[in-house]
Protein chains: 2
Amino acid sequence: MTETANNIRRLNKCNVFEVIAHEGPISRAAIAKRLGLSKQTLSEVAKELESEGWVQQVGLERGNVGRAAMNFEVVPDAAFVAAVDLGGTKVKVAIANLACQIFGEATEKTDPRGGGAVVDQIARLCREMMDQHGLQQDRLRLAVVGVPGVPDHESGAVHMAPNIPQLDEIDFAGELSKALGFDVVIENDVNLAVLGEHWGGVAQHVDDLAYVALGTGIGAGIIVNGELVRGKNGGAGELGYLPFGADPFEDASLRQGALERVTATDAMRDYYFELTGEKIEVPEIFDRLDQDDHAQKVLDRTARETARAVAAISALIDPEQIVFGGSIGRREELFSRIKAQFGLITRSPVELYISDLGGKAALIGAASLGLSHVHATLLAGGVPGAEITLPPAKLAKLGVVSNG
Amino acid sequence: MTETANNIRRLNKCNVFEVIAHEGPISRAAIAKRLGLSKQTLSEVAKELESEGWVQQVGLERGNVGRAAMNFEVVPDAAFVAAVDLGGTKVKVAIANLACQIFGEATEKTDPRGGGAVVDQIARLCREMMDQHGLQQDRLRLAVVGVPGVPDHESGAVHMAPNIPQLDEIDFAGELSKALGFDVVIENDVNLAVLGEHWGGVAQHVDDLAYVALGTGIGAGIIVNGELVRGKNGGAGELGYLPFGADPFEDASLRQGALERVTATDAMRDYYFELTGEKIEVPEIFDRLDQDDHAQKVLDRTARETARAVAAISALIDPEQIVFGGSIGRREELFSRIKAQFGLITRSPVELYISDLGGKAALIGAASLGLSHVHATLLAGGVPGAEITLPPAKLAKLGVVSNG
DNA sequence: TATTAATTCGTCAACTTACCGAACTAATAG
DNA sequence: CTATTAGTTCGGTAAGTTGACGAATTAATA
């Protein structure tokens, strides 16, 4: 048979799996009605999915008149993915199963030697997490690593990640893949964060949004038409290089980016020093807000310039929502100021929110990307049109309030 | 049969049509090899496509050893779409046939009464064009109208189009559809321009790009991941509202947009007046460049601020190309200045070009959108996965150099 | 020049996959 | 016991495949 014809069964298998994942436990008859397939076909498909280990029968559903239905659900342990958030100071690892449950998260200081040492560290953490939860190592099929830089999918290196040594000198993805024995996907951490908010955060069911991360730097993850925007060179969302804030025509703006020079933590610290002659860290600036006009001034400038960045995003891609995250971005004191400033410069009806998922957005995004990947490779096998949309995330075990 | 199974033949018909459109004239055997279908199936599919009038046989292909092949090609006259570019001063209409040939273009002054008068004008022009070329009216299946504003697909009105009266008070799309007797699609003209460049211009095979139109206003059409970015409210690409140029915190920037206040034609005229006390039009400013330092200064400011807009696009979506169009945007004198200024504020490797298609970009984009629509509705009939990619545009008859 | 071989095009016939609908068996509430 | 719902069995249909074969055409050869 032709490709197309050959793939009908596979496509239907994907569709059936998708319904079970979203609406399960669910009976054959109900799935059949839902998909417009015959009960007969559904029995065959369900049998195949069961014998391949993707779904399993669960207890009879009684209570209605008529024969009790045998329900199906996804086998949670059929496959696992490791979600990794690699930061300059900390590495976080969580495990997600096929039923979209995400388990407890391990956090360690990032190995300061960088490069191969970090590869080993991540590989060890992944194995430890599986062991800790008594799970079969060989069911772990994929790791998704969020990195604070621009992943190069050709070479497997990570560029522009100054806080972790040697990440751009080795085939990071390749080495990790070798150490773990399965595929590894690397992706920018802010891109993962927007995927996280889209999957399990405040932006569920929103197909045009941006996630603005404000911390040691300023960057955005962008979803347009429901799809992540990476850009030609993976440089999409580099808000730091927006041409305002500092003078973009100065040479220093070529290196650090005009906006980043006046918004991120370094700039806030420097500005406070400039105003007062005192060197304090950013959390301290927040603490002093009540008594200290200078602290207010620092926050106001950051808020004003960030509001301009938000206006720029809004003018260019007109998203439905913009979500704020990052160590400073999710602080209410700053958020309310950004919102106020933004109101002064635009009539855009875009909704602004603080991230639901806090520091776990990237980790959850990594899980979502990983699960989609597993679906695509193991179930769909590259059949066009056989995408499986992820069911809502189950985050309870991660200590995040789920609003699914 | 299930939806999927029912649609196999339709899907194969689309695939076969697509191959014929791209590679025709082509024989059954060659198509079969190309698609991995059996010759048998192909004979059936070709017969159906032929009897429905989509493709036709053309002379035997001799020269190789073996039996001569009967080739198939798309029936050019099987369907037509009208491409309309509705501007504040001019309306342009062109006709495209199913073979992607675009015929001579009619231009008229836009009826100054706006509203219903413009609807009638467009309907008349469409009919005249068909008659002029001796084509059957009832083969005209769709009109795509590029409008200088934000189309509201709910109400059929066009908002933010101050140059054409009453466009936001009537169901423009609906009225035109009634006058013509077939479907009408309305789309922002700059969005169509970027589609045009993507299909038949400088940006062929580029899936991340922006088209910057600089004229009476400044705006962009954006394609990301090969898809047009419209934004939640159709407001994507509103460069005029980028928060720099003029002070975005001034009240006037809420109305006109901070950037538009210093870049578009009005701003250039005003600035020249401010410098010299003389009121002249923009083309005149260009004419005086050689002798007049003030004219240079006006252009320099426009170039500098436009370069910042380009930097903003680049920072946010990291496109492969940015194409310049519009009455001023495509002038070499300005373009070279923008390029120079852009080089000062970024290291982005984005390629900058002047539009290939000149003032016809939107018209050609309208044709591409229309032909895609016709494919989707008449051939694919909404079958998922049955998209037909457009073959290269044949623009020779439009007086545009084709580089397909 | 006539014949034969090689090659390619398109069709026919038999078989396979995957779906459907109808009839049938099984289980369960009332 | 009966109405109702769940799931299976059994033919039937749509669409695609493979392999054999006739038709057409070029190339080589007697």
Side-chain angles (χ1 to χ4, degrees), chain A residues 1-16 19-20 23-51 55-73 381 383 385-386, chain B residues 1-16 19-20 23-51 55 57-73 381 383-386:
Chain A
M1 282 192 143
T2 183
E3 285 303 297
T4 332
N6 248 333
N7 289 332
I8 294 181
R9 198 41 166 274
R10 177 158 256 172
L11 212 150
N12 277 329
K13 263 156 85 170
C14 286
N15 289 338
V16 169
V19 170
I20 294 174
E23 298 167 37
I26 185 173
S27 73
R28 278 170 274 227
I31 303 169
K33 198 175 287 177
R34 175 78 176 59
L35 288 176
L37 290 164
S38 67
K39 286 191 292 178
Q40 203 282 336
T41 300
L42 220 114
S43 283
E44 287 177 32
V45 171
K47 193 173 292 174
E48 285 182 46
L49 282 174
E50 195 182 1
S51 76
V55 304
Q56 63 195 6
Q57 299 196 7
V58 284
L60 294 179
E61 165 122 335
R62 285 184 209 176
N64 302 323
V65 305
R67 174 175 170 180
M70 177 63 76
N71 284 332
F72 285 82
E73 66 174 12
V383 175
Chain B
M1 285 193 141
T2 185
E3 286 303 296
T4 333
N6 248 333
N7 290 331
I8 295 181
R9 198 42 165 276
R10 177 159 256 171
L11 212 151
N12 278 329
K13 262 156 88 168
C14 286
N15 289 338
V16 170
V19 170
I20 294 175
E23 296 165 38
I26 184 172
S27 72
R28 277 171 274 228
I31 302 169
K33 198 175 289 178
R34 176 76 175 60
L35 289 176
L37 289 164
S38 67
K39 288 190 288 180
Q40 164 63 17
T41 300
L42 220 114
S43 283
E44 289 175 31
V45 171
K47 193 175 291 173
E48 285 182 43
L49 282 173
E50 194 180 4
S51 76
V55 304
Q57 300 197 7
V58 285
L60 295 179
E61 165 122 334
R62 282 183 211 177
N64 301 322
V65 319
R67 175 175 168 180
M70 176 64 77
N71 284 331
F72 285 82
E73 66 175 12
V383 175

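Numbered from 1 within each chain, the chains take letters A, B, ... in sequence-line order.
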Can you figure out which of [options] approaches the side chain of [X] most closely?
X: A:R28; options: D:dT17, D:dG16, D:dT8; value: D:dT8
X: A:L37; options: C:dA13, C:dC19, D:dA6; value: C:dC19
X: B:T41; options: C:dC19, D:dA6, D:dT17; value: D:dT17
X: B:S27; options: C:dC20, C:dG10, D:dG7; value: C:dG10

Discussion item. A side-chain contact here means heavy atoms from C-beta on lying under 4.5 Å apart; do A:R28 and A:K39 qualify?
Written reply: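 Of all side-chain heavy-atom pairs linking A:K39 with A:R28, none is under 4.5 Å.
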
Discussion item. Taking the side chain as everything from C-beta on, heavy atoms only, tell me whether A:L49 gets closer than 4.5 Å to A:K13.
Written reply: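 Yes, their side chains come closer than 4.5 Å.
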
How many Å lie between [atom1] on [X] and [atom2] on [N], as a whole number?
X: A:Q57; N: D:dA6; atom1: CD; atom2: P; value: 15 Å
X: B:Q40; N: D:dA15; atom1: CD; atom2: P; value: 13 Å
X: A:L42; N: C:dC19; atom1: CG; atom2: P; value: 10 Å
X: B:L11; N: D:dA14; atom1: CG; atom2: C1'; value: 15 Å
X: A:M70; N: D:dT8; atom1: CE; atom2: C1'; value: 14 Å
X: B:R10; N: D:dG16; atom1: CZ; atom2: C1'; value: 19 Å
X: B:I31; N: C:dG10; atom1: CD1; atom2: C1'; value: 13 Å
X: A:F72; N: D:dA6; atom1: CZ; atom2: P; value: 13 Å

Discussion item. Please enumerate all residues that pass salt bridge (Lys or Arg N to Asp or Glu O under 4.0 Å) together with B:R34, with sequence neighbours excluded.
Written reply: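 Applying salt bridge (Lys or Arg N to Asp or Glu O under 4.0 Å) to B:R34 gives B:E23.
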
Spacing of [X] atom [atom1] and [Y] atom [atom2] [to the nearest 0.5 Å]:
X: A:I31; Y: A:T41; atom1: CD1; atom2: OG1; answer: 12.5 Å
X: B:E44; Y: B:N12; atom1: CD; atom2: CG; answer: 10.5 Å
X: A:Q57; Y: A:N71; atom1: CD; atom2: CG; answer: 9.5 Å

Discussion item. Please compare A:E48 and B:K33 by the position of their nearest nucleotide in DNA chain C and report the one closer to 5'.
Written reply: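 Per heavy-atom nearest nucleotide, the more 5' residue is B:K33.
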
So, is [X] near the phosphate of [N], with a side-chain N or O under 4.0 Å from OP1 or OP2?
X: A:R9; N: C:dT17; value: no
X: A:S43; N: D:dG7; value: no
X: B:N12; N: D:dG16; value: yes

Worksheet item: Checking all strands, does A:E44 fall into the base, sugar-phosphate, or nothing category for heavy-atom contacts under 4.0 angstrom?
Response: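 Nothing, no heavy atom under 4.0 Å.
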
Contact list (N/O, under 3.5 angstrom) for nucleotides 20-24 of chain D vs protein:
residue	atom	partner	partner atom	Å
D:dG22	N2	B:R67	NH1	2.8
D:dA24	N3	B:R67	N	3.2

Discussion item. Any donor-acceptor pair under 3.5 Å linking the side-chain atoms of A:E50 with those of A:Q56?
Written reply: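 The answer is no; no qualifying pair exists.
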
